[in-house]
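To start, the structure under review is shown below, and the notes come after it.
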Amino acid sequence: MARALGAEPGGILSLDALLEEYSEAIEYDLIVLGLRLRMLGTDALDWADLRSIVKHLPLESALLRVMHPEGSRWQTAEHLLADVADSLRWLAWARTDDGRRGRNMPEPIARPGRKSNRERVGTATELDQMNDFLGWND
């Protein structure tokens, strides 16, 4: 989890690096738990406690939202809704002439971390222009 958070494993130094960059978000997550960053190093919140808290923060935590803004907005429900919308669009398309001919399939809703399956090369051109370009109209 520490690597996923952008820090190398190693305890206090990793936490210190996180604190330097994301102290406000970590402070907020601690406040939600009834703690404060100023308690760090006391019996109320030692470094091992902070490590456990950071390591097991929920996906909707302030720290993860700040570190991964695009990905943190897409939870399971959002992915499922996008899948449903894609399926409905595909079903509607399948009943069209394009669908029966297998062309112009609708593009799925963009999701974080997923690239389009379609390869885009160049732009469309008129047949006469292409024939002229290839020298076939001579």
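Just the heavy atoms: all of them, side chains too, but no hydrogens, waters or symmetry mates, feed the values below.
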- prompt: Rounded to the nearest 0.5 Å, how far apart are CZ of R111 and CG of D86?
  reply: 4.5 Å
- prompt: Distance from R100 atom CZ to W93 atom CH2, nearest 0.5 Å?
  reply: 10.5 Å
task: Flag yes if W74 and L59 sit in one hydrophobic cluster, no otherwise; membership is Ile, Leu, Val, Met, Phe, Trp, Tyr, and two members link when side-chain heavy atoms are under 4.5 Å apart.
output: no
message: Taking L88 as the starting point, is it possible to reach W90 by hopping between hydrophobic residues whose side chains are less than 4.5 Å apart?
response: no
task: Could you tell me whether E78 atom CD has more than 12 heavy atoms of other residues or ligands within 6.0 Å of it?
output: yes
Enclosure of R103 CZ (heavy-atom neighbours >12, cutoff 6.0 Å): yes
- prompt: For L64 and P58, which heavy atoms make the closest approach, and how far apart are they?
  reply: CD1-O, 3.4 Å
query: Knowing that exactly one of L15, D46, L18 qualifies, which makes a side-chain contact (heavy atoms from CB on, under 4.5 Å) with R51?
result: L15
field: Side-chain touch L50/L19, heavy atoms, less than 4.5 angstrom
entry: yes
Can you give me every donor-acceptor pair (side chain of residues 28-42, partner residue at least two apart or in another chain, under 3.5 Å) with its distance?
| from | atom 1 | to | atom 2 | distance (Å) |
| --- | --- | --- | --- | --- |
| D29 | OD1 | A62 | N | 2.9 |
| D29 | OD2 | A62 | N | 3.4 |
| D29 | OD2 | L63 | N | 3.0 |
| T42 | OG1 | M39 | O | 2.5 |
| T42 | OG1 | A44 | N | 3.2 |

field: side chain to side chain contact (heavy atoms under 4.5 Å, CB included) partners for E20, two or more places apart
entry: D16
